[in-house]
Amino acid sequence: MDFFGVIRDSLPELFYGAKLTLYYSLATIILATVVGLIFALCKLSHNKALRKIGEGYVHIFRGLPLIVEIFYVYFALPMILPLHRWFDPYFTPVAGTIALMLNEGAYITEIIRAGILSIQRGQTEAALSIGMSSAQTMRYIILPQAFKRMIPPLVNQFIQTIKDTSLLSVISINELTRQGQIVISTTFSSLQIWTAVAAIYLAIILSLTAVSGYLERKFQIAKR
Amino acid sequence: MILARNVSKAFGDNVVLRDISLEVKEGEVVVVIGASGSGKTTFIRLINGLETLTSGEITVNGTAITQNKTTLRLIRKEVGMVFQHFNLFHHLNTLQNIAIGPIKVLGLKKEAAHRRAYELLDRVGLRDKAAAYPDELSGGQQQRVAIARALAMNPLVMLFDEPTSALDPEMVGEVLAAMKDLAKSKMTMVVVTHEMGFAREVGDRVVFMDGGLVVEQGPPSEIFNNPREKRTQDFLSKIL
C-alpha cells in the first residue's frame, strides 16, 4: 500500500483518538484553571492554614511524575477508596481527568499567583480606599489586570496539557497516541501512522496558539 | 471630623510616629508639611486604615478606626484618598475608573453612576477624556481623574498624599487648581505636600512634622512668617 493510502485508511481511528484528546484537554484545562485559581488564592491568603494547604498541594503534585500520578489515582487509590465503584462504569475517564487536573493545576496555581503578585500594591490600595472589600478588589481590579499577564504562560501550560493527555494511553484511554499504537499493531506502518499522529497533535496545538494570539490582541485594545 | 489621640506607629523597631494628637474640623483644610521620613504620609494612611495603629486612637466622624473589616469599609466610604502615583485602574477607562466605586460599593445603577462620573469630569475639566485609558493621559490628567474617582463616593473627608510629587512641573498647576476648587466648596481636606504656595494660599492650618512628631502648627501666615520652633525655621529656610 502507498504511504498516504495507509494514513487515509486509518484516519477514522486516528480522528476518534484526536476527538478524545480534545475532550480530555478541554476538560483538564477548565478544571485545572479552576483548581489553580483556588489554590493560588489559598497561597496568597492571610490565613496560615490555607497558605500551607496551597503550598502542600503545589509541592506534591508538581513534584511527582505525571505517569506516577495517573497510576496512583487509577490503581492505588481504589485500594483505600472505592472510587471505581462510585464512578462505575466511568472510572477510567474520571481517574484520568482527575490525575491530569491535579498535575496541571499545580503549575497553573503558580502562574496565577505570579500574575496576581505582579500587579502593583497601589491598585489594591486604591480599590480599598474607595471602600471595596478584599474580594471585590480581587474580582474587579486585580484579576482582570493579572489575567492579561497570565495569558502567555497559561497558553504554554495548556499546550503542555494537550501533550500530557498522551500519557492517558497507559490506562487504556483511547486518545490519539493509543489509537496510533492500536492501528500500528495491525498495519505495522510505524512511519506513516506516527507521522500522521504527530501532524494531528501539531494541528491541534497550532490552532490553540492562533486562539491565544487573538486573545492577546483583543486584550491589547483594553490596554494595561 | 477627624480626631487623632496619642497616635503612635512603628514598623518593627522603626518608630515612625510618636504620640501624635491632631484634630481636623469639618470644612477645614489642613496642610501637613515636613521632610521625607517625618511620618506625614504614614499619618494620613492611618486615617483610612491603609496602615494599622500601633497605639492611640483615630476617629473619623465619630467612628473609631479598628481592624474590623466592616468598620474599615464604612470609614473608607467616607474618606476619599488621592495617591502620589495616582493608582488609576489601568484596565478601566476614565469613566469606568470613576463609576466603579459607586456601582460596586454604593450599589448605584450604571446610568446613575455614569451621570455622576460625567458631572465630576466636568468639574475637573476632563469630559472629553471619558473614554481614554489611564496610559493615554498625562500625569496631571490622571491625577485629576483620581480626584474625581475619590469624589464619586461623596466622601466627608479627602486625603491627599503628595498629589503633585510625581508630576512634571508644568502639570502641577492643574492639579492644585482642582484641589483649590474643592477647598472652596468647603470639603474637609488633609493634604500632605511640598507645595508651600498651596499651603500658604489654601490651607486653613499648617502642621509641621519632623521625626514622627508634630513640631508646630498654626495658620499659614504664622508658620511661614514667624515660625517659633528651631526645626521649623531650619526646614523652611531649606525649601523657601
Side-chain angles (χ1 to χ4, degrees), chain A residues 33 37 40-42 44-51 111-155 212 214-224, chain B residues 44-45 47-51 67 69-94 96-107 131-137 142 145-146 148-155 157-161 166:
Chain A
T33 304
L37 179 61
L41 293 176
C42 283
L44 292 168
S45 165
H46 292 295
N47 184 315
K48 196 175 171 193
L50 286 179
R51 272 204 313 275
I111 292 171
I112 293 179
R113 188 173 69 95
I116 291 172
L117 286 176
S118 77
I119 305 301
Q120 307 94 308
R121 175 95 192 121
Q123 296 287 305
T124 303
E125 291 186 348
L128 293 178
S129 80
I130 55 172
M132 283 195 186
S133 66
S134 315
Q136 285 178 322
T137 302
M138 188 53 79
R139 163 79 182 75
Y140 299 114
I141 305 302
I142 306 302
L143 281 180
Q145 296 185 61
F147 177 68
K148 229 199 97 191
R149 298 186 187 180
M150 290 179 222
I151 293 175
L154 276 180
V155 169
S212 84
Y214 165 77
L215 273 183
E216 281 194 47
R217 276 194 305 279
K218 181 169 176 268
F219 282 97
Q220 202 64 39
I221 300 165
K223 298 285 171 185
R224 273 185 301 141
Chain B
I44 68 165
R45 285 168 62 86
I47 298 175
N48 71 347
L50 286 179
E51 304 289 352
Q67 274 318 100
K69 282 182 181 168
T70 320
T71 316
L72 267 186
R73 285 190 72 185
L74 206 76
I75 287 173
R76 284 169 177 158
K77 271 191 255 181
E78 298 181 339
V79 179
M81 176 115 179
V82 174
F83 298 87
Q84 181 176 1
H85 296 288
F86 331 132
N87 297 346
L88 290 183
F89 305 130
H90 294 297
H91 62 305
L92 301 178
N93 67 27
T94 297
Q96 293 164 332
N97 260 282
I98 300 171
I100 192 166
I103 293 172
K104 301 298 178 193
V105 180
L106 302 179
Y133 282 86
D135 53 4
E136 297 166 336
L137 300 176
Q142 287 191 55
V145 174
R149 175 177 68 182
L151 288 176
M153 300 297 293
N154 272 336
V157 182
M158 285 281 285
L159 308 175
F160 293 84
D161 181 14

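Naming convention: chains lettered A, B, ... in sequence-line order (proteins, then strands); numbering from 1 in each chain.
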What distance do [X] atom [atom1] and [Y] atom [atom2] have between them, rounded to the nearest 0.5 Å?
X        : Y        : atom1 : atom2 : result
A:Thr137 : B:Phe89  : OG1   : CZ    : 7.5 Å
B:Met81  : A:Ile130 : CE    : CD1   : 13.5 Å
B:Met153 : A:Met132 : CE    : CE    : 8.5 Å

> Among B:Ile103, B:Ile100, B:Leu92, whose side-chain contact (heavy atoms from CB on, under 4.5 Å) with A:Tyr140 holds?
Replying inline: B:Ile100
> Can you find a heavy atom in the side chain of A:Gln120 that is under 4.5 Å from one in the side chain of B:His90?
Replying inline: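 Yes. Closest side-chain heavy atoms under 4.5 Å.
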> Are the side chains of B:Lys69 and A:Ser133 in touch, meaning some heavy atoms are under 4.5 Å apart?
Replying inline: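 They are not in side-chain contact.
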>> side chain to side chain contact (heavy atoms under 4.5 Å, CB included) for B:Arg45 and A:Glu125? Distances and angles first, verdict last.
In response: CA-CA 10 Å; B:Arg45 285 168 62 86; A:Glu125 291 186 348; 2.6 Å; yes
>> Can you tell me which portion of A:Thr124 sits under 4.5 Å from chain B's heavy atoms? Options are side chain, backbone, both or neither.
In response: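 The answer is neither part of A:Thr124.
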> Where on A:Gln123 is there a heavy atom nearer than 4.5 Å to chain B: the side chain, the backbone, both, or neither?
Replying inline: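 Answer is both: backbone and side chain atoms of A:Gln123 are under 4.5 Å from chain B.
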> Donor-acceptor pair, B:Asn87 side chain versus A:Gly122 backbone, under 3.5 Å?
Replying inline: yes
>> Tell me if a side-chain donor or acceptor on B:Arg76 pairs with a main-chain N or O of A:Ser129 at a distance below 3.5 Å.
In response: no
> Checking heavy atoms, do the side chain of B:Leu88, its backbone, both or neither come under 4.5 Å from chain A?
Replying inline: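 Looking at B:Leu88, just its backbone touches chain A.
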> For B:Val82, is it the side chain, the backbone, both or neither that has a heavy atom under 4.5 Å from a heavy atom of chain A?
Replying inline: neither
>> For the interface with chain A, which of B:Val105, B:Val79, B:Asn93, B:Leu106 has the highest count of heavy-atom pairs at distances below 4.5 Å?
In response: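 The candidate making the most pairs under 4.5 Å is B:Val105.
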> Which heavy-atom pair separates B:Arg149 from A:Ala126 by the least distance, and what is that distance?
Replying inline: NH2-CB, 3.4 Å
